[in-house]
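Here the structure is laid out as structure tokens; the discussion comes afterwards.
Just so we're on the same page: letters track the sequence lines, and every chain starts at 1. Predicted model only: the values in this text are computed from it and were never measured.
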2 protein chains.
Amino acid sequence: MVQTIVWKDNQVVMIDQRKLPLQEKYVVCKGYRSVIRAIKGLVIRGAPAIGVAAAMGVAQGALKIRTTGMDHFKTRFDAICREMVAARPTAANLSWAVERMKQVADETGHRGVKGIRSRLIEEARKILDEDIAINRTIGRYGQGLLKDGSRVLTHCNAGALATGGYGTALGVVRAAAQAGKRIEIFADETRPFLQGARLTAWELKKSNIPVTVITDNSAGYFMQQGKVDAVIVGADRIAANGDVANKIGTYMVAVLARTHKIPFYVAAPLSTIDASIKSGQEIPIEQRDQKEVTHFQGKRTTPQGVSAQNPAFDVTPHRYVSAIITEKGILTPPLKAKIRRLFAS
Amino acid sequence: MVQTIVWKDNQVVMIDQRKLPLQEKYVVCKGYRSVIRAIKGLVIRGAPAIGVAAAMGVAQGALKIRTTGMDHFKTRFDAICREMVAARPTAANLSWAVERMKQVADETGHRGVKGIRSRLIEEARKILDEDIAINRTIGRYGQGLLKDGSRVLTHCNAGALATGGYGTALGVVRAAAQAGKRIEIFADETRPFLQGARLTAWELKKSNIPVTVITDNSAGYFMQQGKVDAVIVGADRIAANGDVANKIGTYMVAVLARTHKIPFYVAAPLSTIDASIKSGQEIPIEQRDQKEVTHFQGKRTTPQGVSAQNPAFDVTPHRYVSAIITEKGILTPPLKAKIRRLFAS
């Protein structure tokens with residue numbers, strides 16, 4: 001299986017998701033600022049993968065703080081963490097991972113700067129390993145929702161490339177396929193970055209799972225034709241009431257699924273749930289550079305002087321969500337009560 | 001205003017809509033087969049514009065039939081008409097225009113081959129002129145539906161470029177703007193051919209009507225944000241019950257509009273209404289080359305070996321349509337009864 005991100009010789013190595021599927025190139029980050037650039041520039045994307053990258057990034061930052069004095073170290077480390085959290089606003093896993101790294105630093109203070117550094121590296125690698133294990137568990141729980149012969153529509157990429165490995169939404173698909181079910185995928189191409197056409201198609205092809213790419217605007221057509229049995233997507237942040245922020249267009253798919261009485265599933269680790277916010281209205285939606293819409297591979301497609309808007313995410317209200325598949329099991333409505341119970345335990 | 005298509009020195013000259021907005025080039029068709037190629041290859045598109053092109057194409061075909069014998073001429077002319085009608089299956093205006101041309105040929109039989117030829121040229125030019133006049137009338141009727149300050153979402157291009165001139169959906173927008181109303185347009189980029197991002201943006205910019213390009217998958221987001229007051233689209237074929245075939249993605253927009261209680265208007269000339277078919281289920285949906293989805297400007301974007309599906313149109317059931325704006329006035333539900341009355345009179 002593809003390795004989305006690894007820690008190697010104190011460097012963070014990521015497959016370059018801007019270049020897939022035509023080129024399999026790797027970006028080597030030698031400092032936390034180059035990790036931030038990679039996150040902002042979509043070398044790596046997907047909430048869980050961003051979480052892993054952020055953890056590795058701050059570990060790398062900690063390595064390079066030129067001091068042995070604990071106070072100075074902590075001040076600099078906190079500043080690095082703040083910079084990292086600001087890289088992208090929507091994904092919950094980013095601040096979750098950085099928070100976890102900060103806690104490790106706090107708890108290891110007695111071991112001195114050197115001790116903290118090695119614990120941070122250890123923790124970042126642990127976050128990666130845990131993420132893959134969590135996705136396998138999500139897959140095991142979720143695959144029961146898919147029947148032999150299911151035709152599943154997915155939006156964006158919530159696969160191995162969006163996570164430490166295996167994938168959330170595509171993890172469910174993988175687990176169903178591994179359980180011997182024949183599953184076919186419709187991959188929305190997912191403008192403007194084409195995560196579906198490029199990334200989902202690429203990793204499903206590698207895994208020999210049949211995939212057909214469609215334009216985002218034809219999802220409704222295929223549902224109307226009775227060709228979609230279920231929708232599964234990932235999530236960037238889930239509010240306490242079950243509202244789901246995910247890649248722009250997810251809301252459109254959810255509305256269409258509801259209209260056609262097709263179940264709409266969200267697969268996500270608990271680290272994506274932000275129990276501190278009541279509803280999706282509180283989730284910051286990143287507005288990205290309009291050039292991602294007006295240009296294609298550096299070449300202008302729209303007329304000079306015409307502007308575009310490029311919200312990177314949207315919020316699907318919880319009433320459209322049939323279930324959230326987590327590593328602790330499948331949450332069905334009422335989602336608010338189920339999420340509360342999960343975070344209380 | 002832009003001239004989409006003209007008859008000039010017995011040639012059919014079209015602005016090349018594959019090249020807009022970056023290049024304003026013209027394709028000169030010297031025979032009916034090159035008109036067919038232009039229609040198939042999307043040099044010209046949009047149901048009313050295709051109708052004009054088809055009429056001019058068969059007139060051009062008639063000019064070049066090497067005979068003065070009426071029987072031979074009629075046999076060849078019928079064959080040309082059949083070839084023309086087969087160029088694209090969905091747009092009603094194509095067969096409507098060819099049928100009208102055939103009738104003219106039939107009615108002019110007594111004038112001899114030469115007489116028929118000049119009448120056909122005259123008729124093709126008349127279809128063009130009428131189309132522009134019809135669009136202005138549609139605009140006058142439709143503009144009453146828009147308020148000062150209305151923010152209108154449109155899908156694909158139903159503008160001057162999709163017609164003889166002025167436009168259907170964009171004709172309504174133009175008429176509202178000309179009546180002094182401030183109208184803002186959200187243009188869905190409309191994958192895969194980007195008619196919205198390229199063509200709608202281009203012609204609205206030329207007309208100084210404010211336009212913002214968005215990805216198709218973000219239409220739901222902007223509606224959810226309360227930023228869309230109305231949707232207006234064109235149509236490729238309308239069935240007797242009011243079901244509307246239009247560019248792929250129109251159905252998605254209609255479902256989203258309904259969910260957000262936003263009116264969904266269709267602007268189309270009577271020549272787009274095919275009263276011979278009961279419902280949208282009978283409308284043939286063109287499936288185009290998957291390369292339009294898997295490649296961008298000749299360059300592959302999806303992984304080798306991954307296939308795509310590329311339906312060019314979808315059908316919006318009549319229950320989603322708030323009104324159809326025609327040159328005979330605005331049809332509101334029940335559409336079936338209104339359409340029946342219109343075609344009976």
Problem - Contact origin within P311(A) toward chain B - heavy atom pairs under 4.5 Å - result: side chain
Exercise for the section: Could you walk me through whether R300(A) and T302(A) pass the side chain to side chain donor-acceptor pair (under 3.5 Å) test, one step at a time? Expected result: CA-CA 6 Å; R300(A) 175 171 275 282; T302(A) 52; 3.2 Å; yes
Completion exercise
residues 253-262 of chain B vs chain A, non-hydrogen distance cutoff under 4.5 Å, contacting residues -> V255(B), L256(B), T259(B), H260(B)
Practice task
Examine R45(A) relative to F193(A) and say whether NZ or CZ is less than 6.0 Å from the centre of the six-membered ring and inside a 45° cone about the ring axis.
Solution key: no
Handout entry: Pair F186(A) and F222(A), ring centroids less than 6.0 Å apart
Key = yes
Problem - Residue-level interface, residues 224-249 of chain B with chain A, non-hydrogen cut-off under 4.5 Å - result: Q224(B), I248(B), G249(B)
Handout entry: Side chain / backbone / both / neither for Q297(A) at chain B, heavy atoms under 4.5 Å
Key = side chain
Problem - Least distance between heavy atoms, A47(B) atom then A91(B) atom - result: CB-CB, 3.8 Å
Practice task
List the atom of A267(A), the atom of A169(A), and the distance in Å for their closest heavy-atom pair.
Solution key: CB-N, 3.6 Å
Exercise for the section: Tell me, for L22(A) versus chain B, whether the close heavy atoms (under 4.5 Å) come from the side chain, the backbone, both or neither. Expected result: side chain
Problem - Residue pair V306(B) / T294(B): nearest heavy atoms and the distance that separates them - result: O-CG2, 4.2 Å
Handout entry: Max heavy-atom pair count under 4.5 Å with chain B, selected residue of T301(A), V293(A), T250(A)
Key = T301(A)
Completion exercise
Turns out that what part of L199(A) lies under 4.5 Å from chain B's heavy atoms comes down to neither
